[in-house]
Amino acid sequence: MRKSSQKVNRIVGNTLTYIILVIISILWLLPFLYLLLQSFRGEPGAWVGYLLPKQWTFDNYIKLFTETDKFNFPRWYLNTFIIAAVTCVVQTILTLMVSYAFSRLRFKGKKLYMNLILILGMFPGFLSMIAIYHLLKPLGLNNNIFSLILVYCGGSAMGYYISKGYFDTIPYSLDEAAKIDGASANTIFFRVIMPLAKPIVIYMLLMAFVGPWGDFMFASFIANGNQEQFNVAVGLQAFLSPESRYTYFTRFCAGGVLVSVPITILFFWLQRYYVEGITGGSVKG
């Protein structure tokens with residue numbers, strides 16, 4: 001009786017858990033489903049109260065790339081891709097090098113530097129926006145997509161702790177064996193550690209790409225109203241201005257779908273490495 005009662009309780013508990021998870025999944029997917037369906041809506045207007053379009057069309061996607069006089073979506077998309085691609089490469093290299101130094105090297109003040117970086121990382125990034133703008137302006141780097149790349153890469157080393165945790169799981173005996181063979185710290189990093197750290201490298205690349213791709217706050221602040229320097233997040237926000245939302249709302253939905261496509265593909269493609277990287281990096285070093 002006791003075993004059968006425990007089995008019933010386990011089945012009921014699992015069933016309730018699955019029901020709750022299904023409900024949460026539906027609620028999480030509803031906004032994206034609404035965005036997707038409205039991107040194919042042919043009738044004008046914004047914030048309509050029905051989910052399924054009465055007129056179906058693909059024109060909203062076509063107009064994003066053909067009608068660029070007022071809102072140059074292709075330029076914004078290209079700006080975002082350039083920013084995200086360059087940032088993800090530079091940021092990953094810097095972060096991995098700092099993580100390797102904190103994980104494998106021994107030097108004076110190491111714990112002080114690590115603790116200082118962790119403390120600074122507790123402060124939100126937007127607190128530095130005014131100071132960053134006034135640093136970039138005398139150099140002529142404000143109102144420029146390359147200044148955004150500098151901003152994103154400048155503090156990238158502060159995210160060292162996950163990749164450091166992963167490096168800590170790699171046996172130090174490999175470093176010692178390489179040193180006996182005459183390998184330098186650079187050789188150990190590129191020839192020994194990196195081939196074993198593929199999951200965390202993929203994880204860092206993915207995270208470094210996603211951040212700039214969807215950033216709105218810094219991108220809006222740096223662009224300062226210059227549409228030629230907008231990324232897609234800032235550009236799509238312009239679609240929702242009071243004078244434009246009635247005409248451009250469905251195009252805004254189409255743009256939102258197109259923005260999500262690269263990130264979705266990357267996550268599904270690199271999901272295995274992403275999970276391995278974040279779980280491996282969770283180990284305390």
Side-chain angles (χ1 to χ4, degrees), residues 83-84 86-136 139 141 147-179 183-219 221-222 273-285:
I83 294 168
V86 175
T87 299
C88 89
V89 173
V90 176
Q91 193 175 107
T92 300
I93 293 173
L94 292 175
T95 305
L96 290 175
M97 292 176 71
V98 171
S99 304
Y100 171 77
F102 282 145
S103 175
R104 320 301 277 193
L105 304 182
R106 302 292 178 263
F107 53 90
K108 188 177 180 180
K110 173 182 169 181
K111 282 195 175 286
L112 175 63
Y113 293 142
M114 291 173 61
N115 292 334
L116 182 62
I117 291 174
L118 285 174
I119 292 172
L120 290 175
M122 295 178 184
F123 295 93
F126 66 82
L127 293 177
S128 62
M129 284 197 305
I130 303 297
I132 289 174
Y133 183 81
H134 286 290
L135 285 173
L136 294 173
L139 300 174
L141 293 175
S147 60
L148 264 181
I149 296 174
L150 288 176
V151 170
Y152 294 142
C153 295
S156 57
M158 296 177 67
Y160 73 88
Y161 33 87
I162 293 179
S163 48
K164 178 192 177 295
Y166 190 93
F167 288 149
D168 289 342
T169 65
I170 299 176
Y172 193 74
S173 57
L174 296 175
D175 302 53
E176 294 173 341
K179 288 178 182 177
S184 64
N186 288 334
T187 303
I188 295 172
F189 176 68
F190 289 107
R191 302 290 294 276
V192 178
I193 302 299
M194 282 298 98
L196 299 174
K198 187 176 180 180
I200 196 63
V201 173
I202 298 297
Y203 167 79
M204 295 303 298
L205 284 169
L206 186 58
M207 291 296 98
F209 186 89
V210 170
W213 186 266
D215 179 54
F216 174 81
M217 188 175 294
F218 264 107
F221 188 72
I222 296 295
Y273 298 110
Y274 174 81
V275 174
E276 290 179 13
I278 196 169
T279 53
S282 299
V283 178
K284 183 179 180 181

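Here the structure is a predicted model, which means the values were calculated and not measured.
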Could you give the distance from OG1 (T92) to CE (M207), rounded to the nearest 0.5 Å? 10.5 Å
Mind running side chain to side chain contact (heavy atoms under 4.5 Å, CB included) on V98 and L94 for me, showing each step along the way? CA-CA 6 Å; V98 171; L94 292 175; 5.5 Å; no
side-chain hydrogen bond (donor to acceptor under 3.5 Å, both in side chains) involving S147 - partner list, sequence neighbours excluded: none
Taking only residues two or more places apart in sequence, or in another chain, which ones meet T95 in a side-chain hydrogen bond (donor to acceptor under 3.5 Å, both in side chains)? none
Minimum heavy-atom separation for P212 to A84, with atom names? CB-CA, 4.0 Å
Answer yes or no: are there more than 12 heavy-atom neighbours, outside M194 itself, under 6.0 Å from its atom CE? yes
From CD1 (I162) to CZ (F167), nearest 0.5 Å: 12.5 Å
Rounded to the nearest 0.5 Å, how far does CG of L205 lie from CD1 of I93? 9.0 Å
K179: what forms a side chain to side chain contact (heavy atoms under 4.5 Å, CB included) with it, not counting sequence neighbours? Y172, I188
Using the side chain to side chain contact (heavy atoms under 4.5 Å, CB included) rule, take F102 and Y113 through it: C-alpha gap first, then chi angles, then the decisive distance, then the call. CA-CA 9 Å; F102 282 145; Y113 293 142; 4.0 Å; yes
What pairs of residues pass the salt bridge (charged side-chain N to carboxylate O under 4.0 Å, His left out) test when at least one of them lies in residues 89-104, not counting sequence neighbours? R104-D175
Between Y160 and M114 (side chain of the first, backbone of the second, donor and acceptor by atom type, cut-off under 3.5 Å), is there such a pair? yes
Rounded to the nearest 0.5 Å, what separates atom CD1 in I200 from atom CD1 in I170? 9.5 Å
When rounded to the nearest 0.5 angstrom, what distance separates CG in D168 from OH in Y161? 15.0 Å
Which word best sums up how the rings of Y100 and F189 line up, parallel for under 30°, tilted for 30 to 60°, or perpendicular for over 60°? tilted
Can you find a heavy atom in the side chain of Y152 that is under 4.5 Å from one in the side chain of L148? yes
Scan residues 105-124 for pairs that pass salt bridge (charged side-chain N to carboxylate O under 4.0 Å, His left out), counting only residues two or more places apart or in two chains. none
Taking salt bridge (Lys or Arg N to Asp or Glu O under 4.0 Å) as the definition, give me every residue that meets it alongside D215, ordered by chain and number, with sequence neighbours left out. none
Side chain to side chain contact (heavy atoms under 4.5 Å, CB included) between F221 and I132, worked out: CA-CA 10 Å; F221 188 72; I132 289 174; over 6 Å; no
Please check if the number of heavy atoms outside M158 that lie under 6.0 Å from its CE is greater than 12. yes
Could you state the interatomic distance from CG (L116) to CG (L120), rounded to the nearest 0.5 Å? 4.5 Å
